[in-house]
Protein chains: 2
Amino acid sequence: MTPTGDELVVMLAALANPLRLRIVARLSGGRDYVSRMARDIGISRPLLHMHLQRLEAAGLITGSLELSEDGKAMKYYEVTDFHLQLTASAVAEAVQTLTPDPDKSPASKEQT
Amino acid sequence: MTPTGDELVVMLAALANPLRLRIVARLSGGRDYVSRMARDIGISRPLLHMHLQRLEAAGLITGSLELSEDGKAMKYYEVTDFHLQLTASAVAEAVQTLTPDPDKSPASKEQT
DNA sequence: TTCACCTGAAAGAAATCTCTTACATGTGAA
DNA sequence: TTCACATGTAAGAGATTTCTTTCAGGTGAA
């Protein structure tokens, strides 16, 4: 349940944007489909699409393609109930499961 | 105490980076000064300097310039005890104190 | 003086993120 | 058929982030 270090980075990066925060805030009030949100928020649909993908990739929202009564395909998104606890020690723990950066490790310099 | 929407974005952006997470993790184990951390972590001092500034600007760490016994200037950093609660509704609340995006507001189109 | 340590900051390359415009798909109704 | 709605994706400009290299200052000790 606790995200790995890498997952945490993805989640934080997804939330570290005003527009995406607005999107999450909006969806926390109920599910909605792409085109309507784009109209309401006042941004282009492709742009919203991109932000939604980013949020979904982070596991913060989920989307499902549904058919409306009149037969149109609508993609509804809703928030997942994530809850992250961010403190220095929580970060310290998450870092342990962070993919090592091949470059910066102390590594023995012998034997390439 | 609860950060505004704008502050939250800055904090999240500061944490949304593997290297900066490592820095926070390290400082959570005790204060340290710049050059030593750079050596240990294995990155250049200017680069570390930049990341530290970013974390300090977000209020996650604080630095203080001190004089060591042998008279050298050392900049020590330590973590602040931040704790962020990240949930959809917390985001919804923070968004209310987000600086409005002049562009995307519904705004009356008359009278430029 | 020269060396080893500490600090800060500027310049530029490379990668990533954000956003717009444009194109292509499908449906039901007029 | 054409319109109004829905979906997705690709191409490119512009801004930001990340990182290296280079320069500048300071201290105490050899």
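Lettering follows sequence order; numbering is per chain, from 1.
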Are OP1 or OP2 of [N] and a side-chain N or O of [X] less than 4.0 angstrom apart?
X: B/H51; N: D/dC19; value: yes
X: A/R39; N: D/dC5; value: no
X: B/Q53; N: C/dA9; value: yes
X: A/K75; N: D/dG8; value: yes
X: B/R20; N: D/dT18; value: yes
X: A/R45; N: D/dT9; value: no
X: A/N17; N: C/dT18; value: yes
X: A/S44; N: C/dT20; value: yes

Minimum-distance pair of heavy atoms, taken over all atoms of A/V79 and B/A88: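 So the two residues come closest at CG2-CB, 4.2 Å.
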For A/R31 against A/S64, the heavy-atom pair lying closest together: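 Smallest interatomic distance, heavy atoms only, reads NH2-OG, 3.9 Å.
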What is the distance, rounded to the nearest whole Å, between atom [atom1] of [X] and atom [atom2] of [N]?
X: A/I41; N: C/dT20; atom1: CD1; atom2: C1'; result: 17 Å
X: B/E69; N: D/dT27; atom1: CD; atom2: P; result: 18 Å
X: A/Y33; N: C/dG26; atom1: OH; atom2: P; result: 21 Å
X: A/K72; N: D/dG8; atom1: NZ; atom2: P; result: 15 Å
X: A/Y77; N: D/dG8; atom1: OH; atom2: C1'; result: 10 Å
X: B/I43; N: D/dT20; atom1: CD1; atom2: P; result: 8 Å
X: A/L67; N: C/dT27; atom1: CG; atom2: P; result: 10 Å
X: B/M37; N: C/dG8; atom1: CE; atom2: P; result: 13 Å

Minimum side-chain heavy-atom gap B/D6-B/L98 below 4.5 Å: yes
When you compare the side chain of B/L12 with that of A/L86, does any pair of heavy atoms fall below 4.5 Å? no
Name every residue in residues 55-63 of chain A that has at least one heavy atom under 4.0 Å from any atom of DNA chain D, in order of residue number, or write none if there are no such residues. none
Using the closest heavy atom to pick a nucleotide of DNA chain D for each, name whichever of B/R54 or A/S35 lands nearer the 5' end. A/S35
Could you check whether any side-chain N or O of A/T4 sits under 3.5 Å from a backbone N or O of A/T97, counting only pairs where one atom can act as donor and the other as acceptor? no
Side chain of A/L47 - closest among D/dA6, C/dC19, C/dA9: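 Nearest to the side chain of A/L47 among the choices is C/dC19.
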Nearest to the side chain of A/L19, which nucleotide is it out of D/dA6, C/dG8, C/dC19?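 Of the candidates, C/dC19 comes closest.
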Nonpolar side-chain network containing A/Y33, other nodes, edges under 4.5 Å: A/M74, A/Y76
Polar contact flag, side-chain donor to acceptor under 3.5 angstrom, B/S68-B/D70: yes
I want to confirm an ordering. Mapping A/A13 and B/L65 to their closest nucleotides on DNA chain C, which one lands closer to the 5' end?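 Comparing both residues, the 5'-ward one is B/L65.
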Test side chain to side chain contact (heavy atoms under 4.5 Å, CB included) applied to B/L60 and B/L27, B/V10, B/D81, B/L55, the passing residue: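 The single option meeting the side chain to side chain contact (heavy atoms under 4.5 Å, CB included) with B/L60 is B/L55.
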